[in-house]
Novice: 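The structure that follows is given in the form of structure tokens.
Every chain is numbered from 1 and lettered A, B, ... according to where its sequence line falls, protein lines coming before strand lines.
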Amino acid sequence: MVSDLDLDLTATEMADLVRRKDASPAELLERTVARMKAHDPVVCAWSEVDLDHARAVARSLTDEAAHGRFRGPVHGVPFAAKDQFHVRGMVTRMRGADSAPADVDATAVARLRASGAVLVGKTTMPLGGRPPPTRNPWHPDHTPGGTSSGSGAAVAARMVPVALAEQTAGSALRPAAYCGVAAIKPTYGRISRAGLEPMTWSRDHVGIIGLSVADLALVLGVIAGPDPDDPTSLPDPPARYLDAMHQPRPARIGLIGTRQLPAEAEPAMLDCTASAAERLAAAGGEVRPVWLPDELAAAGSIVNLLRAEGAALQERRRGDGAPGSYWAGELVPAPFYVQARRARVWISELVEEAMAGLDVLLMPAAPGAAPRGLERTGSAQYLSPWSFLGLPTATVSGGLAPEGLPLGLQLIARRRDDAGLLRAAAWVESVLGRLGPPPMS
Amino acid sequence: MRLAVPATTEEALAWLVARAHETWDVRPDTDLVAVLTPMARAMAALTTLDIPERIEPNAW
């Protein structure tokens, strides 16, 4: 039986335990249930849980494993999905609390289930302009970030080792950074968006939040790849992302200077980034300052013109009331919307030119640690430009701020180089270390 | 870029506010300036870029 001593088990470790028959999918699920019972009354990470179904699935997977049959690399690993993903038989609350239960799983959910992962339930997100009651496991008075609030909190609280998230601006990396865990927002189109309730079609990304970079690689290897149900999915065949974890090598890192950050970072965050750069260089990495094109600064602003897409989407969700930020997108002149899309193409090219000779860029994931209060989910300013450009990004822990809250670092890679991003992130994680469970544990 | 709308943030904001009043029956408690300023800034930022002609919007 997996004991409490194994509190910090990652998804990769869980999958290995199951394959070696040192733990069963049923045991791993009961471990998740115990964590949820102990901590979710405070953390409030879940919007819907179906334990009866999860237990039935885990029993089947346990029987199969006992006979040496494994559905895939995540056989028996518990996971969660943000309440933006369609899950068969469950309401997608982002679509509306009174909407009909989904008929089919989102592609990402379906691929994980087909590979043997056990869906425990759906995690919270802001709805109707209001944040969820979800609390940061590192301190209940602080936000876990958003909008993948529950996914970040559930992973950080060690309820599940991995969770599906979504990022339009900064919604996957920010909660991971605030909660002290890892996350990836791969290249636009790398993971199918079929069955993901849209926010802004051209910058919505399926993200993954996990306890380690290897966990991100494990899950990405299962869910990435072309999908006929998502015409924007990349045609590239799935890569062997986990292989990159076995070949860690010092990365060539471009350090984005303080003066290029879109807003003033807090001193603790600046210290954290500088210290990380020093440690990475001392460990053999090639770390050098990089000056990004001035046009990148405009990207953080221009992204607002994509509200035209949000307005088109909101049309069917419209109720009574005053025009809000999404409806304001109705006013975007069509030529400006087209020019914003052209700017995205061009600025992406300029950034990739600036990355010559580098594997990744390094900068903070947020201006600081998770802000106090649950009314706001923090700033996406450091994350949003990369979502606009569709470039792959990941966050790893940079350590703790003096007040004991996690600080997250962000890595950015070239379009389609998700494997290179994960390889660099794994090396950075190996040098800087992962955060252990929060003190609530 | 040359478009038939104002190019500075202030001009763009005034243009958007006027369009908002033409489009909706705006409630008095609606802070249009707060809602529309990010878009006005975006429009102004876009007019500062000299995007090469070869760049197509869908090549992404």
Side-chain angles (χ1 to χ4, degrees), chain A residues 169 187-189 201-203 231-232 234 262 293-308 310-311 318 320-350 381 384-385 388-391 415-416, chain B:
Chain A
T187 303
Y188 181 80
W201 292 287
S202 73
R203 62 183 181 124
T232 65
L234 292 171
D294 292 341
E295 290 82 359
L296 180 64
S301 178
I302 291 170
V303 66
N304 286 293
L305 296 173
L306 296 188
R307 289 183 183 183
R318 177 189 290 256
D320 295 331
S325 60
Y326 273 105
W327 298 2
E330 293 180 20
L331 303 180
V332 175
F336 274 78
Y337 173 71
V338 174
Q339 287 290 66
R341 292 182 62 101
R342 293 183 69 229
R344 171 158 61 187
V345 175
W346 184 46
I347 296 171
S348 291
E349 287 185 6
L350 296 176
Q381 279 186 299
S384 180
F388 174 57
L389 300 179
L391 301 182
R415 178 177 309 282
R416 296 194 175 193
Chain B
M1 190 170 118
R2 296 288 180 269
L3 292 174
V5 292
T8 68
T9 298
E10 294 73 20
E11 291 170 341
L13 180 59
W15 187 88
L16 288 167
V17 169
R19 287 282 312 276
H21 283 290
E22 291 169 9
T23 307
W24 302 305
D25 183 13
V26 180
R27 289 196 318 220
D29 61 344
T30 302
D31 188 351
L32 278 180
V33 170
V35 171
L36 298 175
T37 294
M39 282 168 40
R41 287 197 185 118
M43 292 166 69
L46 200 51
T47 58
T48 67
L49 298 182
D50 189 16
I51 305 173
E53 286 187 17
R54 64 179 174 81
I55 299 293
E56 296 200 16
N58 297 321
W60 180 76

Novice: Any heavy-atom pair between the side chains of B/M39 and A/R307 that's under 4.5 Å?
Specialist: yes
Novice: Contact between A/L331 and B/W24 at the side-chain level, heavy atoms closer than 4.5 Å - yes or no?
Specialist: yes
Novice: Give the member of A/R341, A/E295, A/R342, A/E349 that has the highest number of heavy-atom pairs under 4.5 Å with chain B.
Specialist: A/R342
Novice: Out of A/A299, A/A297, A/S202, A/G300, which one racks up the most heavy-atom pairs below 4.5 Å with chain B?
Specialist: A/S202
Novice: Using modelled atom types only, decide if a donor and an acceptor are shared between the side chain of A/S301 and the backbone of B/A42 within a distance under 3.5 Å.
Specialist: yes
Novice: Are any of the side-chain nitrogens in B/R41 or B/E10 under 4.0 Å away from the carboxylate oxygens of its partner?
Specialist: no
Novice: Answer with side chain, backbone, both or neither: which region of A/S348 has an atom nearer than 4.5 Å to a non-hydrogen atom of chain B?
Specialist: side chain
Novice: Given heavy-atom pairs under 4.5 angstrom as the criterion, report whether the side chain, backbone, both or neither of A/V332 touches chain B.
Specialist: both
Novice: What residue, out of B/A34, B/A45, B/P38, has the most heavy-atom pairs lying under 4.5 Å from chain A?
Specialist: B/P38
Novice: Within a strict 4.5 Å, meaning less than it, do heavy atoms of the A/I302 and B/M43 side chains meet?
Specialist: no
Novice: Examine whether an atom of B/I55 lies under 4.5 Å from a heavy atom of chain A, and if so say whether it belongs to the side chain, the backbone or both; otherwise answer neither.
Specialist: both
